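Single-structure report; data block below.
For clarity, every value in this text was computed on a predicted model and none was experimentally measured. Just follow the structure's listing: the first ligand is 1, and inside any ligand the first atom is 1.
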Amino acid sequence: MLRIEHLGIAVKNLAASIPLFEQLLNTPCYKTEIVESEGVNTAFFSIGESKVELLEATKEGSPIEKFISKKGEGIHHVAFEVENIEAEMKRLAALGFELLNETPKKGADNKLVCFLHPKTTNGMLVELCQEIR
Ligand code: ZN
């Protein structure tokens, strides 16, 4: 794995959280993007080598809505950048990590992504991501 690409943070209200994180991080939000397939609206901030991704549910029953109703707002996932997502998925599956999708899917911010089930990663939802070139 190359680096921590971003931290995903679940929020109830993106419009309210963007100015809060702009103040906290002292940097402007550089992009917002809706990922309809995931039922999520996202906002990105650049922090040195990494990013912060805010996630707001766009509909009832979406994964972010379920997460917030169970655990409240806060850190939702850690995303690791990888060179070759398919090779990394194969490597981790062979070691017994449970992949939440069998093939890479299109995520926000021009990425191919795959999530690992938290039950095989000590409770941490892990996202693998590879820049679409
Ligand atoms: Zn993410």
(message) Just to confirm my numbers, could you give the angle made at the Zn ion (ligand 1) by OE1 of Glu53 and NE2 of His77, rounded to 10°?
(response)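 The two atoms form an angle at the metal of about 90°.
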(message) With heavy-atom distances below 4.5 Å as the criterion, would you say the side chains of Glu56 and Val40 are in contact?
(response)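 Side chain of Glu56 against side chain of Val40, heavy atoms only: no contact under 4.5 Å found.
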(request) Could you check if a side-chain atom of Leu92 sits within less than 4.5 angstrom of a side-chain atom of Leu128, using non-hydrogen atoms only? (result)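 Leu92 vs Leu128: side chains touch.
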(request) Restricting to N/O/S, name the atom of Glu127 that gets closest to the Zn ion (ligand 1). (result)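 Minimum-distance N/O/S atom of Glu127 relative to the Zn ion (ligand 1) is OE1.
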(request) Please report the shortest heavy-atom distance between Ile4 and Ser50, naming the atom on each side. (result)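 Between these two residues, the closest heavy atoms are O-OG, 2.8 Å.
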(request) List the atom of Glu53, the atom of Ala108, and the distance in Å for their closest heavy-atom pair. (result)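 For Glu53 and Ala108, the tightest heavy-atom pair comes out as OE2-CB, 4.1 Å.
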Does the shortest distance from the Zn ion (ligand 1) to an N/O/S atom of [X] fall below 2.8 Å?
| X | result |
| --- | --- |
| His76 | no |
| Glu5 | no |
| Cys129 | no |

(request) Indicate, with yes or no, if Ile64 and Ile9 share a hydrophobic cluster defined by side-chain heavy-atom contacts under 4.5 Å among Ile, Leu, Val, Met, Phe, Trp and Tyr. (result)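 No, separate clusters.
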